[in-house]
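Order of the sequence lines sets the chain letters (A, B, ...), proteins ahead of strands, with each chain counted from 1. Note that the structure is a prediction, hence the values are computed from the model and not measured.
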Amino acid sequence: MTVIAETTADAVAGIADGATVLIGGFGMAGMPVALIDALIAQGATNLTVVSNNAGNGDTGLAALLAAGRVAKMICSFPRQADSYVFDGLYRDGRIDLEVVPQGNLAERMRAAGAGIGAFFCPTGVGTPLAEGKETRTIDGRDYVLELPIKGDVALIGAHAGDPLGNLVYRKTARNFGPVMATAAATTIAQVTRIVDTGDLDPEAVVTPGIYVDRIVQVTQEATA
Amino acid sequence: MTVIAETTADAVAGIADGATVLIGGFGMAGMPVALIDALIAQGATNLTVVSNNAGNGDTGLAALLAAGRVAKMICSFPRQADSYVFDGLYRDGRIDLEVVPQGNLAERMRAAGAGIGAFFCPTGVGTPLAEGKETRTIDGRDYVLELPIKGDVALIGAHAGDPLGNLVYRKTARNFGPVMATAAATTIAQVTRIVDTGDLDPEAVVTPGIYVDRIVQVTQEATA
Amino acid sequence: MTIAPPTDRTVEHLDRGPLTREEMAATIARDIPDGSYVNLGIGQPTTVADHLRPGSGIVLHTENGMLGMGPAATGDDIDPDLMNAGKIPVTELPGASYFHHADSFAMMRGGHLDVCVLGAFQVSEHGDLANWHTGAPDAIPAVGGAMDLAIGAKDVFVMMTLFAKDGTPKLVPRCTYPLTGLACVSRVYTEHATFLVGPHGTTVVETFGTGVDDLAGRLDVPLTRIGAS
Amino acid sequence: MTIAPPTDRTVEHLDRGPLTREEMAATIARDIPDGSYVNLGIGQPTTVADHLRPGSGIVLHTENGMLGMGPAATGDDIDPDLMNAGKIPVTELPGASYFHHADSFAMMRGGHLDVCVLGAFQVSEHGDLANWHTGAPDAIPAVGGAMDLAIGAKDVFVMMTLFAKDGTPKLVPRCTYPLTGLACVSRVYTEHATFLVGPHGTTVVETFGTGVDDLAGRLDVPLTRIGAS
C-alpha cells in the first residue's frame, strides 16, 4: 500500500544503518536528488549503495559519499570526469567497490524482484569480472552464474505518480527506476507531479503501484 | 527490419515443417486467429506449438491441431471445457504434451529473448513437474533450474502497430504477446490497425519494432 | 505467514452450523487487511471479491496481466480483451495497470502480492498444497498458474471444504495427490473451521458448529489452539 | 558474423593515404545494411551516425533505454531527460520507443541488435576484445556497458587506430589487457585497413595507403586475403 509523504524527510524516514540502498538514475536523468539530500539529513550510515555511477560533482550521490555514509558501492561505472569524491575515497581505501557490467546490474536486480534465485548470463565470460564465479556451457554457449541484488530500500525518480503508487517516467530518465522498484523491500519515489487516481493511462503505467511504498512530490524548482 | 505484409498468407510465408511456433493469447484475448488460419492454409506440419492453452472449440489453434499439423504442445493448461480436439488427439497418443507452469512458460520465453542461458526458479519445487530437473538451495530457498524456450516463429495479436513494427496492446489481450515477440527468430503480428510512424506514444510502446519482423492488418470483421 | 490471525484465542462457535460458501468468502474477506494486493484463484475464491469492504483499498491482481481488476462485466461492459484468469469478462477500476505475462508472474514469484486465495484438493498440516491434479492415470495434466500462485504471495490462503465427497479429510498429515507446492499455505478456511498451517503444525483459529476436540477426532492431524500454552 | 564483407576480393588502395577519422566513420556507415538496428559506442563510434545514408531505415539504440535515437540535441532541444549512453543530450525520431534498463540490456544480450560499433585497446586475431581497462594497477575499474555491448549484437565492429601511440599493434595474437569479451568481434576498422576477425583468423578486406604484405610485416598476426584460395 502506497503512502504519499508530505516531505522528503518523511519519505526517507526509517532507513537503517547498514541498509542496501538502490539509487536510480543514469547520469542526472532519473536521479532522485531530493531523496538523496533527505537521506543525508536523515543520517543513516554504513550503507551499501547500488547505482550505475558513483556520483558526479559535489551533489546528490557524491554528497552522500562525501558525508562518509557509504561503506560500499556496487556500480558499473564509478570513474567519470567529475567523480572526484568517489575517486578520493577509493584511493584512500575508505570505500569498497564491486564493479558489475551494466546489464548484469540491471538483470541481477530484475532477478531479485522476480523471485529468480540465480541466472546463467553470457556477459563477462572469460573476463576478470567472471573470476571465481561458476560457469557452465549450455547449448554450446558459455555462461556465468549471477546472483540477485536485493535492496532494503530503493530511491528512484519518476515523472508522475498517482495515490496508488503507479508511476510513469520521461524518456531516458526511465533507466533503472522500474527495475529497482521491484528489487527493494521499500521503494520510495520522488515524482514531479502527483495526479489523481485514474489520470494515468492503465496501458502506459510503467511501474504498477504494488512496487511503490512511498511517493513524494518534488517540484522541478526544488530539485534544481 | 519490419515488413508490412499485404495478406495473412504473405505474413506466414516460409514457416518450415518442424518449426517451433509460439502462439500468443490467453483464451481468445490476444489470440492471432487470422494468422493461425493462414498457417493452416500454408501447410507447415510437424510443428511444436507453445501457447498457454491447447485450443478451444473448433477454430484457431484447435483447427491447427485438428488438421494434424502439431506434433507437440508446450502449454500450461491444455484441459478446458471445450478443448475436445486436443483431448482426443492426446488420448489417441497422436500428440506429445509438455505441461509447464504458466509463469515458467512466460519466464522461459523471456530468458530466450533476453540471452539468459538458464535460471533457478522457485516454482514447482518438490512437485512432479520438477522431477528430473536440477535443484539448488540458494540463500535458504530451493529452486529448480529452468531452460529457455526459443521459437522459430511467433504469431501474436496486438492492437495497433506502426511501419517500424512498434506495437501496443489492449487490456489483458497483452498477455504473452510481448514476451513471445522477444523469443522467436521471426515474429509475426496481426494488428487491428496500422498507424503512421510517429503516431504511437514512445513512452507507451510495449513491443519495440526491433522484435517484430512482419505485421499485417486484420480488421475486426475479418477475425470475427 | 505475515498476517496475524483475527483472534488471540481459539474461538469455538458452537451455537451455529457450519459456514455457508458465502460465509466462508465473507470470513476470508474480513481477514484480508486494508490495502492488500490480492490474487483470487478461479472458482470459489473469486467470490471473496464480493465481500471486500468498500474503501478497503484492496487491489486485485489477475495473473493474465492486470492490477486493479473490478467486478465481473455484464451487458455492454463486456470487452473480449478484458478478462480474468478464469476467462470471465471483468471490469477495470481507476488506477488499474496492465502488464505482460512475464512481468505479471515476476510480480507473483517475487513475493509482491500480499495474499493469494486458492482452492485445494488437499493441504498438509505443514502447508503443502495439492490442487492441480487428482493423480488419476487417465487425467490430462494441466497446471495453469497453480504452481506459480502457490508460491506467489506472502500469505497463501486455501478455501475448501474440510472433507471430500467421500468423507475423507482434505487437511492431511501428508498430501497423497501430486503436489502443487511445498510448505506454501499459511491458512486454511473451511466450512467447519479456519486453521493456521506451517512449520509448527496446525492451529485452529475458529470453529463453526463444531469444537476443536470433535474436529481432532475426525482429522489425522494434531490440532493446537491459539493462546493455549 | 552475419553481414557479408563489402567486397569479394581484398582491395589495396595504394593511391591514397590512410583514412581520416571521418573516412573511417563513413566506411563503417557504408557497410551497415539498410534497416539495421545499431548501437554506437561512446566516443569515436558515435560519429558513424553522421554518415548514415538518409532513408537507410537504420535505427539507433542507446543502452540507457531507447530505440530511434536522433542526432545530438542543441539549444532549446536539449532535454535533461533525453541523453545517450555517453550522457550527451540527444533527440528522438518518429517511431522511437523507451524502455527500462533490464529490457534494454535484454535486447542486447538476446542478440536482437544487428551491429554494435565499439572502440578498443586491443583486438585479438580471433576476435577477443579488450576495451575497458588498461590493466594499470592504480586505475579505478569501470566497465559500464562494455561487456554487455561486446556480446550484444549479431556483428560487433571495432573502430580503432591500428597502432597505439607507442607504435605497438592493437590487432594482436592475444590480448594482453584485461578482456571485455571472448571471440565477440567480427570486424575491425582502422585507418590502414579493415579486417575480418574470427575463428578462422584475420582476413584483410581493404587497405588504405598500404598493402597487405606491408601490414603483415608490421603485425604479429597472420593475414589472409579474401578470394585468395
Side chains of C:Y189 and C:R187: any donor to acceptor distance under 3.5 Å? yes
Check whether C:P141 gets within reach of chain B through its side chain, its backbone, both or neither, counting any heavy atom under 4.5 Å. both
Using a cut-off of under 4.5 Å on heavy-atom pairs, state which of B:T123, B:L105, B:V125 scores highest against chain C. B:T123
Keeping the roles fixed (side chain from B:T2, backbone from B:D213), state whether a donor-acceptor pair exists under 3.5 Å. no
For B:Y90, which atoms come within 4.5 Å of any heavy atom of chain C: side chain, backbone, both, or neither? side chain
With respect to chain B, which residue among C:T180, C:V90, C:I140 yields the maximal number of heavy-atom pairs within a distance under 4.5 Å? C:I140
Report yes or no: does C:T91 contribute a side-chain atom to a donor-acceptor pair with the main-chain N or O of C:P71 at less than 3.5 Å? yes
Under 4.5 Å from a heavy atom of chain C, the part of B:R79 involved: both
Sort by residue number and list every residue of residues 163-178 of chain C having at least one heavy atom under 4.5 Å from chain B. C:P178
Name the member of C:A146, C:A85, C:A150 that forms the most heavy-atom pairs with chain B at distances under 4.5 Å. C:A85
When heavy-atom pairs shorter than 4.5 Å are enumerated against chain C, which of B:S83, B:A173, B:G30, B:G177 gives the highest number? B:A173
Taking the side chain from C:D148 and the backbone from B:Q102, do they hold a donor-acceptor pair closer than 3.5 Å? yes
Is it true that C:T62 and C:N84 share a donor-acceptor pair across their side chains at a distance under 3.5 Å? no
Which answer fits B:F86, side chain, backbone, both or neither, if we ask what part of it has an atom under 4.5 Å from a heavy atom of chain C? side chain
Short question: side chain of B:R108, backbone of B:L147 - any donor-acceptor pair under 3.5 Å? yes
Is the shortest side-chain heavy-atom distance between C:V143 and C:H133 below 4.5 Å? no
Name the region of B:C75, side chain, backbone, both or neither, that has any atom closer than 4.5 Å to a heavy atom of chain C. neither
Residues in residues 98-115 of chain C near chain B [non-hydrogen atoms, under 4.5 Å]: C:Y98, C:F99, C:H100, C:H101, C:A102, C:F105, C:R109
Is the backbone N or O of B:N56 less than 3.5 Å from a side-chain atom of B:D82, with the two atoms forming a donor-acceptor pair by type? no
Can you tell me if C:D128 uses its side chain to pair, donor with acceptor, with the backbone of C:A183 under 3.5 Å? yes
Treating B:Q190 as the side-chain partner and B:V218 as the backbone partner, does any N or O pair qualify as donor plus acceptor under 3.5 Å? no
Verify whether one side chain among B:T137 and B:D142 offers a donor that lies under 3.5 Å from an acceptor in the other. yes
Tell me if a side-chain donor or acceptor on B:N53 pairs with a main-chain N or O of B:F77 at a distance below 3.5 Å. yes
Please check this pair: side chain of B:D152 against backbone of B:A19, looking for a donor-acceptor N/O pair closer than 3.5 Å. no
Return yes if some donor-acceptor pair links the side-chain N/O of B:R69 with the main-chain N/O of B:I40 below 3.5 Å, else return no. yes
Max heavy-atom pairs within cutoff under 4.5 Å with chain C, candidates B:V100, B:N52, B:D87, goes to B:D87
